[in-house]
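Taking it in order: structure first as structure tokens, then the write-up.
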Amino acid sequence: MKYVVLDFETYSACDLKKAGAWRYAEDPTTEIICIGLAFDGGEPEVIYPELYSGEGLLAFAVNDPAVIFVAHNAAFEKAVWRHVMVARYYWPDIPNGRWHDTMAVCAMKGLPLRLEKAASILRLPAKDTDGTRETLAYGRPGKDGNYRHGSEKLERIAAYCGQDVRVETDLHKTVRGPGTEERSTWLLDQTINERGVRIDRTLVAACRNIVEEASVPLAEEFRKITGLEKIGSPALLGWLKDRGVDLPNLQADTIDRALGAVEDDISNAGEDAVYNNLQELTGECRRILTIRKTL
């Protein structure tokens with residue numbers, strides 16, 4: 001089997017951890033710094049997409065349907081390929097059947113998912129952790145809002161990318177494939193994730209209208225009884241205490257227990273009998289806690 005280990009280094013105004021790979025790759029501020037790749041376990045080369053002539057190893061690999069693209073957490077490389085390489089640089093798409101994810105294999109075989117940890121466990125060459133920090137810093141603007149993108153930094157990131165490809169190549173040689181059945185499961189998982197979740201937007205809008213219509217009178221009743229403007233006001237604890245209901249906080253489980261929705265177990269019996277006034281929680285206090293729980 002012919003394969004290419006592929007690794008993107010990118011930067012963006014979008015927060016990858018918060019947005020996830022697909023949304024991050026779609027963001028118009030996301031840029032590819034460089035691409036590292038190694039063919040059939042050989043020495044990696046690093047290229048820059050805006051300077052690439054469209055000939056050489058990458059073009060050969062993309063255009064040969066027999067070549068498999070290997071990446072660690074392939075969902076990220078796949079998303080960047082489709083939303084940046086295809087959409088902006090007009091490269092052909094690489095279908096899911098030509099991707100292989102070493103992170104999925106690590107998960108199947110009980111190995112750590114993070115590249116550096118898996119490499120450490122298997123006694124492979126170490127990931128360049130200093131390079132990780134410098135690559136992250138490359139994508140952050142200075143206090144004046146401008147990026148510091150010099151050629152020296154670019155060379156450092158390219159070296160870091162090359163080392164990542166070496167580690168990923170050695171990892172792939174070590175853990176190999178997941179087997180036919182697990183491979184089919186992974187491909188199905190890719191299809192499901194890329195399709196997303198179908199939502200009946202008409203139903204969602206109708207549900208929101210019901211909630212909003214129901215909330216208005218409840219919120220008004222809350223204000224009229226307590227004199228407090230906000231349902232989430234911490235002053236509600238004092239209002240309740242003045243009426244003989246001394247709760248430790250207004251967390252959901254606390255209110256549930258006060259309303260009798262959750263029975264105390266023996267292990268909680270010594271908590272100063274905070275909830276022993278359960279049967280006496282009637283009238284306005286019960287109504288106000290019920291409204292808060294509902295809203």
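Along the sequence shown, the residues carry numbers beginning at 1. Nothing here was measured: the structure is a model prediction, and the numbers come from that model.
Cluster membership check: Phe8 does not share its hydrophobic cluster with Val165, using side-chain heavy-atom separations under 4.5 Å among Ile, Leu, Val, Met, Phe, Trp and Tyr. Hydrophobic clustering (ILVMFWY, side-chain heavy atoms < 4.5 Å, transitive): Leu171 and Met108 are in distinct clusters. Follow the hydrophobic side-chain contacts under 4.5 Å out from Ile47 and you reach Ile94 in the same cluster. In the hydrophobic clustering of ILVMFWY residues, with side-chain heavy atoms under 4.5 Å counting as a link, Ile199 and Val211 come out apart.
Residues that satisfy the salt bridge (charged side-chain N to carboxylate O under 4.0 Å, His left out) test with Asp27, not counting sequence neighbours, are Arg23.
In terms of heavy-atom proximity, Ala258 sits nearest to Leu247 at CB-CD2, 4.0 Å. For the residue pair Ser233 and Leu250, the shortest heavy atom distance occurs at O-CD1, 4.0 Å. Shortest non-hydrogen contact noted between Cys34 and Cys161 is SG-CB, 3.9 Å. Considering every non-hydrogen atom in both Ile33 and Tyr48, the closest pair reads O-CD2, 3.2 Å. When all heavy atoms of Pro112 and Lys117 are compared, the pair lying nearest together is CB-CB, 3.6 Å. Minimum interatomic distance between Ala126 and Gln163 (heavy atoms only, all atoms of both residues): O-NE2, 2.9 Å.
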Could you pull out every donor-acceptor pair under 3.5 Å between side chains of residues 64-73 and any protein atom, sequence neighbours left out?
| unit_1 | atom_1 | unit_2 | atom_2 | d |
| --- | --- | --- | --- | --- |
| Asp64 | OD1 | Ala66 | N | 3.0 |
| Asp64 | OD2 | Lys2 | NZ | 2.5 |
| His72 | ND1 | Thr102 | OG1 | 2.8 |
| His72 | ND1 | Met103 | N | 3.4 |
| His72 | NE2 | Leu113 | O | 2.7 |

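Two residues are said to be in side-chain contact when any heavy atoms from C-beta on lie closer than 4.5 Å; Val5 and Pro44 fail this criterion. Counting heavy atoms from C-beta outward, Thr254 and Gln251 have side chains that approach closer than 4.5 Å. Contact annotation: the side chain of Thr169 never approaches that of Arg166 to less than 4.5 Å [non-hydrogen atoms, C-beta and beyond]. Using a 4.5 Å heavy-atom threshold, the side chains of Ile35 and Val46 count as separate. In this structure, the side chains of Val80 and Trp22 stay at 4.5 Å or more apart for every pair of heavy atoms. Put simply, the side chain of Thr30 does not reach to within 4.5 Å of the side chain of Tyr11, judged on heavy atoms. Counting heavy atoms from C-beta on, the side chains of Val4 and Asp40 never come closer than 4.5 Å. At a threshold of 4.5 Å between non-hydrogen side-chain atoms, the residues Asp246 and Leu240 do not count as touching.
For the pair Trp81 (side chain) and Pro92 (backbone), a donor-acceptor distance under 3.5 Å is present. Side chain of Arg98 to backbone of Val62: a donor-acceptor contact under 3.5 angstrom is found. A donor-acceptor pair under 3.5 Å links the side-chain atoms of Arg292 to the main chain of Ile231, judged by distance alone. No donor-acceptor pair closer than 3.5 Å links the side chain of Asp189 to the backbone N or O of Thr185. Judged by distance alone, with hydrogens and angles left aside, the side-chain atoms of Arg223 form no donor-acceptor pair with the main-chain N or O of Leu218 at under 3.5 Å. For the pair Arg123 (side chain) and Ala119 (backbone), a donor-acceptor distance under 3.5 Å is absent. Formation of a donor-acceptor pair under 3.5 Å by the Glu9 side chain with backbone atoms of Ile157 is not found in this model.
Taking CD1 of Ile121 as the start and OG1 of Thr174 as the end, the distance is 13.0 Å to the nearest 0.5 Å. To the nearest 0.5 Å, atoms SG (Cys285) and CD1 (Ile225) are separated by 9.5 Å. Distance check: Leu6 CG to Asp164 CG gives 11.5 Å after rounding to the nearest 0.5 Å. Note: Glu220 CD to Ile291 CD1 = 10.5 Å, rounded to the nearest 0.5 Å. For the atom pair Lys173 NZ and Tyr3 OH, the distance stands at 5.0 Å (nearest 0.5 Å). Taken to the nearest 0.5 Å, the OG1 atom of Thr226 stands 8.5 Å off from the CZ atom of Arg243.
With salt bridges taken as basic N to acidic carboxylate O contacts below 4.0 Å, one links Asp128 and Arg156. A salt bridge does not link Glu221 to Lys224: none of the charged side-chain nitrogens sits closer than 4.0 Å to a carboxylate oxygen.
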Derivation of the salt bridge (charged side-chain N to carboxylate O under 4.0 Å, His left out) call for Arg208 and Glu213: CA-CA 9 Å; Arg208 289 186 63 179; Glu213 288 175 12; over 6 Å; no
Full working for side-chain contact (heavy atoms from CB on, under 4.5 Å) between Asp7 and Leu37: CA-CA 6 Å; Asp7 186 58; Leu37 64 159; over 6 Å; no
Full working for side-chain contact (heavy atoms from CB on, under 4.5 Å) between Tyr90 and Met85: CA-CA 6 Å; Tyr90 308 109; Met85 293 295 284; over 6 Å; no
Residues Trp99, Leu187; criterion side-chain contact (heavy atoms from CB on, under 4.5 Å); working and verdict: CA-CA 9 Å; Trp99 288 93; Leu187 287 171; over 6 Å; no
Derivation and outcome, side-chain contact (heavy atoms from CB on, under 4.5 Å), residues Lys230 and Phe222: CA-CA 9 Å; Lys230 296 182 179 180; Phe222 181 90; over 6 Å; no
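Counting only N and O atoms by type, the side chains of Lys127 and Tyr160 include a donor and acceptor under 3.5 Å apart. Looking only at atom types and distance, the side chain of Trp186 has no donor-acceptor partner in the side chain of His100 under 3.5 Å away. For the residue pair Asp101 and Gln190, no side-chain donor N or O sits within less than 3.5 Å of a side-chain acceptor on the partner. Side-chain atoms of Ser12 and Thr29 include a donor-acceptor pair closer than 3.5 Å. Defined by atom type and a distance below 3.5 Å, a donor-acceptor pair is present between the side-chain atoms of Tyr24 and Thr10.
Counting non-hydrogen atoms of neighbouring residues, nucleotides and ligands closer than 6.0 angstrom, the NZ atom of Lys241 reaches no more than 12 such neighbours. More than 12 heavy atoms of other residues, nucleotides or ligands lie within 6.0 Å of NZ in Lys109, so this atom counts as buried by the packing criterion. Counted within 6.0 Å of CZ on Arg176, heavy atoms from surrounding residues, nucleotides or ligands total more than 12; the atom is thus considered enclosed. When the shell of 6.0 Å around CD of Glu212 is examined, it contains more than 12 heavy atoms from other residues, nucleotides or ligands.
Checked against the 6.0 Å centroid criterion, the rings of Phe60 and Phe39 qualify as a close aromatic pair.
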